[in-house]
Every structure is written in C-alpha cells, then in structure tokens.
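Every number for a ligand or one of its atoms is a count from 1 in the order of the listing. The basis for the numbers below is simple: all heavy atoms, side chains too, and nothing from hydrogens, waters or symmetry mates. These numbers come from a predicted model, not from an experiment.
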Amino acid sequence: MNYQDIQNFINGEFVSCANQRINVDSPLNGEVISTVPLSTFSDVDSAVIAAKNAFPGWSGMTSKMRSQILYTYRQILEQNVDLLAAIIHDENGKTMDEAIAEVRKSIELTEFACSIPQIATGEVLEVSIGVECRTEYAPLGVVACINPFNFPHMVPHWTVPNAIALGNCIVMKPSELTPISSVKMAEMLKQAGLPDGVFNVVNGAKEVVEAICDHPGIKAVSFVGSTPVAQIVYRRATANLKRCLALGGAKNHLIVLPDANLELSASDIAASMCGSAGQRCMAASVMIAVGNVNPVIEKLCTEVSKFIPGAKMPPIISRKSRENLIAYINDAEKKGAELLVDGRKFSNDETASSTGYYLGPTIIDWRNSSSKMPDSEVFGPVFEIIAAKSVEEAISIQHESPFGNAASAFTQNGAIAKMVAQQASAGMIGINIGVPVPREPFSFGGWNSSKFGAGDITGKSSLGFWSQLKKVTSKWAKQEITDWMS
Ligand code: NAD
C-alpha cells in the first residue's frame with residue numbers, strides 16, 4: 001500500500017516542512033511506500049513551544065480526567081487493530097499475526113496508563129501532632145521519546161501513555177525507517193480528545209535526536225535503540241542536565257541443561273529466535289549448552305525450518321541490515337564455526353518475494369571452533385551455540401557479555417533455575433521462556449549496556465521517571481497538644 005508523505009504533527013495539526021525528504025521503503029518488497037522529512041532544530045523548537053503552551057491546561061486537569069481520554073483512546077485502538085497491524089506489516093515487514101500482537105501489547109500498555117490514577121496516589125501521614133506530610137506525583141513539563149524501527153507501534157506506547165497520564169506534554173521522534181504508525185497514533189489520540197500540543201511528532205534522523213538532547217525546554221528524554229546510539233543520547237542529554245533513560249541493544253543467553261523439556265524448549269527457542277526475524281531486543285541469541293544437549297539442538301533445527309521467510313517469518317528491515325547479517329554469518333564460517341542451519345539461501349530468489357529483504361533462520365555452532373563467538377549484537381534470525389561444562393561456567397560466560405537485557409534457563413531442576421535467576425547479570429530472566437518480557441504492571445528494562453539510567457521504562461517503575469515527587473507539609477488547626485515539631 002502507498003501512504004501519503006509523512007508530515008510532522010505539531011499542536012494538533014499535521015504540518016508540512018520544507019526539509020529534505022527520504023524514502024520509506026517496505027522491507028516486504030523494497031518498494032517506496034512513503035517519504036519522511038529530515039526535520040531540524042527549528043521543527044523540534046516548534047513542537048516544544050506547542051507542548052509548553054499545552055502544559056498548564058493538561059497538567060492542571062486531574063489525573064482521572066486525563067485517564068478518561070486514554071480510556072477513549074484505548075477503545076479506538078481496539079476498533080482499529082487490523083488497520084494498525086496492516087500498517088506495521090507494510091512499514092516494518094512483520095507478519096500480520098506478529099503485527100496484531102504488537103497492537104494488542106500497545107492496548108495493554110494503554111490500559112496500564114489508564115490505571116495510573118489508582119496507582120500514583122501519593123501518600124499522606126500525620127507526622128507530628130496536627131502536622132501532615134503528603135506526597136504527590138508532579139509532572140516534569142515537556143518531555144521527549146526517541147524510538148527504534150523494530151516496534152513502531154508498541155515502543156511509543158511504552159512511554160507516551162504513561163508520560164501524558166502523569167500530566168507531561170511530549171515530543172516524539174519515530175524511527176525514520178518506520179514512521180507511518182506514528183501518524184495513526186497522532187490521529188487517534190486527537191480523536192480521543194487529547195488537547196492540541198500534548199502529543200507532538202517530529203520526524204527525522206540524527207539531527208532531531210541531537211536537537212531533543214540539546215533543547216533547553218525539554219526536561220526528560222527516553223530512548224530505545226542500539227547501544228552505541230543509547231550511549232550518545234545518554235551522554236548528550238545528561239550533559240545538558242536532562243533526566244535520561246536510554247535502552248540499548250542485547251545479546252540474550254539461554255542456559256540449556258540436558259534435563260530441559262525437549263518439545264517445550266525447542267519450540268520456544270525457535271519462536272524466540274525467529275519471531276520478527278530475530279529483530280527483537282528480547283530474542284534468543286545464544287545457547288550456552290551445559291553438557292550434552294544435542295537432542296534439544298537437533299529438535300531446534302527441525303523447529304526453525306517451519307519459519308519460512310515470506311510466510312511465517314518476516315523480512316529484515318533493510319538491505320543493508322541483511323548484508324550485515326550475511327557478513328556476520330560468512331565471518332563465523334571462516335572462523336571455523338559450523339552452520340547447523342544456513343538461512344543465506346533465502347536471501348536470493350528462493351523467497352516468496354524475490355525483492356524482499358529476507359534471510360532464513362540460521363544456527364551457528366561455535367563449540368568446535370578455535371575462535372571465540374563475538375560478543376556484538378547480531379539482531380536477526382541468527383542463533384549461536386557455545387558450550388559450558390557446568391552451570392557455574394555458563395553463568396560466568398553470561399557475565400562476560402557487555403549486555404544484560406534477558407537471560408534464561410531451560411531445565412526441570414528448580415534449584416538450578418533459581419540459581420540462574422539469582423546470579424545471571426540481566427534485568428529480565430526467563431525460566432523455560434525464550435522471550436521473558438514482563439507484562440504490566442511489571443516493568444521492562446535490562447542491565448549493563450542494555451540500559452543507561454535509573455529505573456525501567458514501563459510499568460510501575462516508569463512512574464518515577466516521568467514525574468517528580470512534591471512533598472507538602474501542612475498545619476492548620478490550633479493544637480491542644482504540641483511536641484518538638486509542632
Ligand atoms: P538505532 O539505534 O539505529 O536507532 C534508534 C533511534 O536513534 C532512531 O530513531 C534513529 O533515528 C536514531 N539514531 C540512529 N543513529 C543515530 C545517531 N548516530 N545519533 C543520534 N540518533 C541516531 O536502532 P534501530 O536500528 O532503530 O533499532 C534496533 C536496535 O534497538 C537494536 O539494537 C535493538 O536491540 C534495540 N532495541 C532495544 C530495546 C530495549 O528494550 N533494550 C527495544 C527495542 C529495540
């Protein structure tokens with residue numbers, strides 16, 4: 001499908017800008033489906049002015065009034081699941097099933113934001129005779145979020161509903177590779193009754209990110225993307241004295257033991273590595289095989305063959321990303337790793353669509369190579385296998401990884417599962433689960449180079465990021481009894 005040229009959304013209106021444009025092409029077939037502007041500092045400035053003007057009215061509403069708008073928005077999302085999924089399919093390439101699941105997750109995230117009036121109630125205590133202390137969650141003002149390509153609808157819902165429910169006004173930058181979902185998000189929030197200026201979208205690339213980090217009117221910045229860019233954003237935003245939470249890349253380790261349930265483990269790991277063509281920060285990346293787990297590996301090789309690119313598995317986001325993945329596989333082969341499943345054959349004419357950026361599931365076995373598996377993120381349907389003699393050794397291998405998004409144990413032994421959960425250096429742990437994403441109200445966030453900044457980006461933990469606590473101490477009545485504080 002072809003879409004209109006993308007515009008920025010500022011103060012409740014789509015506004016044209018005179019900037020240079022780049023093409024948005026669909027990874028399904030390489031066709032140009034839209035264009036997106038490369039906005040500049042002045043576009044970010046216009047959005048910040050709109051947000052600043054909207055702030056007194058929006059933050060002046062009660063949180064129950066704000067959540068009523070989000071309830072309406074949630075209903076609009078529900079009525080448009082198929083439309084939104086079709087857009088995700090076109091711009092990101094996800095299968096329709098995956099795209100529908102993404103929209104359903106956005107709905108769940110919005111439901112959490114609707115519940116904020118029940119959660120962010122503050123506290124009150126009579127701290128001394130006749131003296132009362134009270135806390136309340138005050139918004140920060142104008143805040144911003146910067147998004148990656150891989151969840152063009154869900155990742156914006158990690159931040160926007162919670163940030164605005166707490167009374168902030170927001171400037172959002174979508175990925176320039178997948179900007180179309182954000183158009184619908186803007187339209188639907190407006191349709192739900194969100195006042196103009198509370199939600200603004202500025203499209204573009206690096207220059208917009210830099211403008212967000214530098215703009216003195218923006219109080220807090222969230223970022224989701226690769227680790228090198230997360231570091232740039234975290235350093236730049238905090239150097240400008242902003243609050244920043246920057247989520248980065250991942251390489252997730254699965255510690256697999258010989259007693260793992262064969263069927264459950266193989267199908268779960270296959271779904272984890274192949275879902276969204278492995279372009280998920282929670283995807284299974286590396287198996288640490290503790291002892292002989294060959295039956296699981298053999299079954300896994302059979303399971304992944306069900307993920308046929310162009311049918312059950314989506315394409316890679318861009319030609320360049322696919323080339324990088326193929327270069328990684330070629331290099332592993334050169335270093336003596338064995339390809340148990342080789343997905344490169346799908347990157348030529350054998351795919352459902354010969355022009356889409358497809359790559360088949362690939363399993364690289366490093367166990368007999370004299371080279372070490374690189375510790376870089378791969379971000380595709382590429383799963384690697386390394387060996388450990390014991391669970392202790394497996395945990396110490398996991399600790400050597402620079403990342404710490406997720407780690408999992410596949411075993412029937414509760415004590416070993418508990419040991420992995422306690423000792424793995426990762427923010428999200430799975431026990432017999434390949435994609436251990438916590439669901440609301442639990443929060444999402446990794447450790448180490450997978451996240452810079454304090455707290456998590458969703459759930460209860462995110463409330464602290466998008467607000468500041470106000471402490472009010474009051475004394476009204478004349479006191480009969482007094483103490484040292486009265
Ligand atoms: P990316 O880092 O290339 O881009 C993310 C955002 O940063 C985009 O909006 C992009 O325009 C901007 N950007 C890119 N280069 C920049 C630069 N040099 N300076 C300033 N801004 C720049 O990431 P991506 O390719 O869009 O997304 C995939 C990455 O995101 C993977 O590494 C994946 O692991 C990660 N990711 C992490 C999480 C998490 O929760 N930790 C979730 C989703 C994706």
Q. Charged N to carboxylate O under 4.0 angstrom, Glu323 versus Lys320?
A. no

Q: Please say whether the positively charged group of Lys251, taken as NZ for Lys or CZ for Arg, lies over the ring of Phe403, i.e. under 6.0 angstrom from the six-membered ring centre and within 45 degrees of the axis.
A: no

Q: Verify, without hydrogens or angle tests, whether Thr227 (side chain) and Gly249 (backbone) share a donor-acceptor contact under 3.5 angstrom.
A: yes

Q: Check each atom of ligand 1 against the heavy atoms of Trp158 and keep those under 4.0 Å away; list them by number with element.
A: 40 (O), 42 (C)

**Q.** Closest protein heavy atom to atom 27 (O) of ligand 1, given as residue, atom name and distance to 0.1 Å
**A.** Pro148 CB, 3.3 Å

**Q.** Closest protein heavy atom to atom 28 (C) of ligand 1, given as residue, atom name and distance to 0.1 Å
**A.** Phe379 CE2, 3.6 Å

Q.
Given 3.5 Å as the limit, does a donor-acceptor pair link the side chain of Thr95 with the main chain of Glu98, or not?
A. yes

Q | Per-atom contacts of ligand 1 with Phe149, taking only distances under 4.0 Å to non-hydrogen atoms | A | 24 (P), 25 (O), 26 (O), 27 (O), 28 (C)

Q) Thinking salt bridges, do Lys184 and Glu187 make one under a 4.0 Å N-O criterion? A) yes

Q: Test His157 against Tyr73 for ring-ring contact (aromatic ring centres under 6.0 Å, His included), laying out the working first.
A: CA-CA 12 Å; His157 288 80; Tyr73 175 64; 5.8 Å; yes

Q: Among all protein heavy atoms, pick the one closest to atom 2 (O) of ligand 1 and tell me residue, atom and distance.
A: Ser226 OG, 2.6 Å

Q. Is there at least one pair of N or O atoms, one from Gly248 and one from ligand 1, spaced under 3.5 Å apart?
A. yes

Q) Glu78: what forms a side-chain contact (heavy atoms from CB on, under 4.5 Å) with it, not counting sequence neighbours? A) Arg74, Val81, Arg104, Ile107

(Q) When you measure from the heavy atoms of Phe403 to every atom of ligand 1, does any distance fall below 4.0 Å? (A) no

Q.
Please list, in number order, the atoms of ligand 1 under 4.0 Å from a heavy atom of Val209.
A. 12 (C), 20 (C), 21 (N)

Q.
Can you confirm if the NZ or CZ of Lys94 lies within 45° of the ring axis of Phe151 and under 6.0 Å from the centre of its six-membered ring?
A. yes

Q: May I ask you to identify the nearest protein heavy atom to atom 36 (N) of ligand 1, giving residue, atom name and distance to one decimal place in Å?
A: Gly225 O, 3.7 Å

**Q.** atom 14 (C) of ligand 1 - nearest protein heavy atom and its distance
**A.** Val229 CG2, 4.0 Å

(Q) Please check whether Asn147 reaches ligand 1 - meaning an N/O of the residue sits under 3.5 Å from an N/O of the ligand, judged on distance alone. (A) yes

Q.
Please list the nearest protein heavy atom to atom 11 (O) of ligand 1 with its residue and the distance rounded to 0.1 Å.
A. Glu176 OE1, 2.6 Å

Q) Where is the nearest protein heavy atom to atom 38 (C) of ligand 1: which residue, which atom, and how far? A) Cys281 SG, 3.2 Å

(Q) If you take the centroid of each ring, where Trp contributes its six-membered ring, are Phe9 and Phe14 closer together than 6.0 Å? (A) yes

Q | Side-chain ion pair, Lys372 and Glu400, N-O less than 4.0 Å | A | yes

Q) What atoms in ligand 1 come closer than 4.0 Å to a heavy atom of Phe444? A) 40 (O)

Q.
If the contact criterion is a heavy-atom separation under 4.0 Å, does Phe223 count as touching ligand 1?
A. yes

Q. Any protein heavy atom sitting closer than 4.0 Å to atom 4 (O) of ligand 1?
A. no

Q: Heavy-atom contacts with Asn150 under 4.0 Å: which atoms of ligand 1 show up? List them by number with element.
A: 43 (C), 44 (C)

Q | Any donor-acceptor pair under 3.5 Å from His215 side chain to Cys213 backbone | A | no

Q: Could you find the nearest protein heavy atom to atom 18 (N) of ligand 1 and give me its residue, atom name and distance?
A: Lys206 CD, 3.9 Å

(Q) Holding to side-chain contact (heavy atoms from CB on, under 4.5 Å), I want the full list of residues that pass it with Ile232, two or more places apart in sequence or in another chain. (A) none

Q: Check each of Glu207, Met428, Glu377 against atom 34 (O) of ligand 1 and report the one with the nearest heavy atom.
A: Glu377

Q) Under 4.0 Å from any heavy atom of Val224, which atoms of ligand 1 are there? A) 5 (C), 37 (C), 38 (C), 42 (C), 43 (C), 44 (C)

